[in-house]
Amino acid sequence: MAAAVGRISASRLLKTNSSLAPFQVCSLSTAHSWTRGRKLLWTSIGVVAGGAGALFLALETSVKATDIELHPPKLPWDHKKILGGYDHRSVRRGWEVYKNVCAACHSMRYLCYRDLVGATHTEAEAKAEAEEQMIEDGPNDVGEMFKRPGKLSDHVPSPYPNEEAARAANGGAYPPDLSYIIPARHGGEDYVFHLLTGYHEPPAGVALREGLHYNPYFVGGAIGMAQALYSEIIEYEDGTPATQSQLAKDVTNFLAWAAFPELEERKQVGIKSIALLSILLFATLYLKRFRFSVMKTRKIQYNPPKKDV
Amino acid sequence: MGLAGTIYQTLFRRSSTAAITIVIGAYATERIIDEGSTLLWKNYNKGKLWDDIKHKYEK
């Protein structure tokens, strides 16, 4: 059986595919180059196929009404530009917003006071920020835990001792840790900004359970967090008018910085790598041409089979 | 003798000068790229970086 199959197909497979041979001749040989007609034919096939594809893509902008989620519109964040770093004034104000508003419910367990130094605060200021908080430490020499003012090396204290306590205080909803909330949510910065500013009355026909609030950007629409930001809810130390969108922008910038504090260094290394690699690109191209000069100056003659053999 | 020829004759023809050229050239390239990209970064993000605002908070 196998032998029979082999006999039938092997002879076919081994044959030169005569329909492709003229192609290869045209591409490889200098004696039989492309004829005008054939060039024209293949160019027009290419143009028509490409044009049809582009047209199809351009027309494929159908709105999908099947999503129940409201996708947040994109906003022009400074640090999202290719070469953009953080707006540190905004990040600094964002810390104020977090400290005075969000910290009542949300922890930022992975942020230390020392992280603020050289990013939003001077060392003296960050020390003062830390000292405002009483941190549990211990045990001391009689085995008791005690409270002491914070130090630069301390993590930002959490409002609740554990998740259960947080749920109990928030009607069963758990306020997530905000250290890495930006990469943890679809839409990132845009989502958090619109979540904070998107609260409004539930539309007619939508009934909310006690303790839930209507927010179209939250999946399902009913969120356990009440609107946290109102204009003038805090006063900025640098005198910036504390409108709701300003507060939301600043705290979002701050949360983005907290999640990716290395972004600025990363982008600077990126610039340097691109500069260096583009020099190496020319060196590589030169070397390639140098090595290939031998190959390229060889002469190859190809005689296509006249008939099927 | 063109520019390439002059460079070859004066720098790369002898191994000793070639080695020195490579060492100095590597240092110079690194410095130029490093300083240049820092300059680009600082200019592009002028006014937003911590270095631009820290004078307000330092005593």
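All values below come from the heavy atoms of this structure, side chains included, with hydrogens, waters and symmetry mates left out. From a predicted model like this one, the values you see are computed outputs, not experimental measurements. Order of the sequence lines sets the chain letters (A, B, ...), proteins ahead of strands, with each chain counted from 1.
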Side chain, backbone, both or neither: which part of B:D34 has a heavy atom under 4.5 Å from chain A? both

Hey, could you give me the CD/CG distance between B:E30 and A:L276, rounded to the nearest 0.5 Å? 8.5 Å

Side chain, backbone, both or neither of A:I274 within contact of chain B (heavy atoms, under 4.5 Å): neither

Do any N or O atoms from the side chain of A:R89 and from the backbone of B:W50 form a donor-acceptor pair under 3.5 angstrom? no

Taking everything shown except A:Y174 itself, do over 12 heavy atoms lie less than 6.0 Å from its OH? yes

So, does B:N45 use its side chain to make a donor-acceptor pair with the main chain of A:G84 at under 3.5 Å? no

Taking CZ in B:R13 as the centre, count heavy atoms belonging to other residues, nucleotides or ligands within less than 6.0 Å. Is the count above 12? no

Is it the case that over 12 heavy atoms from other parts of the model lie below 6.0 angstrom from the CZ atom of B:R31? yes

Heavy-atom contacts under 4.5 Å, residues 117-124 of chain A to chain B: A:G118, A:A119, A:T120, A:H121, A:T122

Can you list the steps and then say if A:Y86 with B:K48 is a side chain to side chain contact (heavy atoms under 4.5 Å, CB included)? CA-CA 7 Å; A:Y86 291 111; B:K48 291 184 223 148; over 6 Å; no

Hey, what do you get for CZ (A:R92) to NZ (B:K56), rounding to the nearest 0.5 Å? 8.5 Å

Calculate, to the nearest 0.5 Å, the distance between atoms CD1 and OG belonging to B:I33 and A:S278 respectively. 7.5 Å

Examine whether an atom of B:Y44 lies under 4.5 Å from a heavy atom of chain A, and if so say whether it belongs to the side chain, the backbone or both; otherwise answer neither. side chain

Hey, is CZ on A:R148 packed in by over 12 heavy atoms from elsewhere, all under 6.0 Å? yes

Assess whether atom CD of A:E265 is packed by more than 12 heavy atoms of other residues, nucleotides or ligands within 6.0 Å. no

Can you tell me if NZ on A:K81 sees more than 12 non-hydrogen neighbours from other groups inside 6.0 Å? yes

For B:S37, side chain to side chain contact (heavy atoms under 4.5 Å, CB included) partners two or more places apart: A:I271, A:K272

Checking B:I53 against chain A: side chain, backbone, both or neither under 4.5 Å from a heavy atom? side chain

What do you reckon, is CD1 of A:I82 surrounded by more than 12 foreign heavy atoms closer than 6.0 Å? no

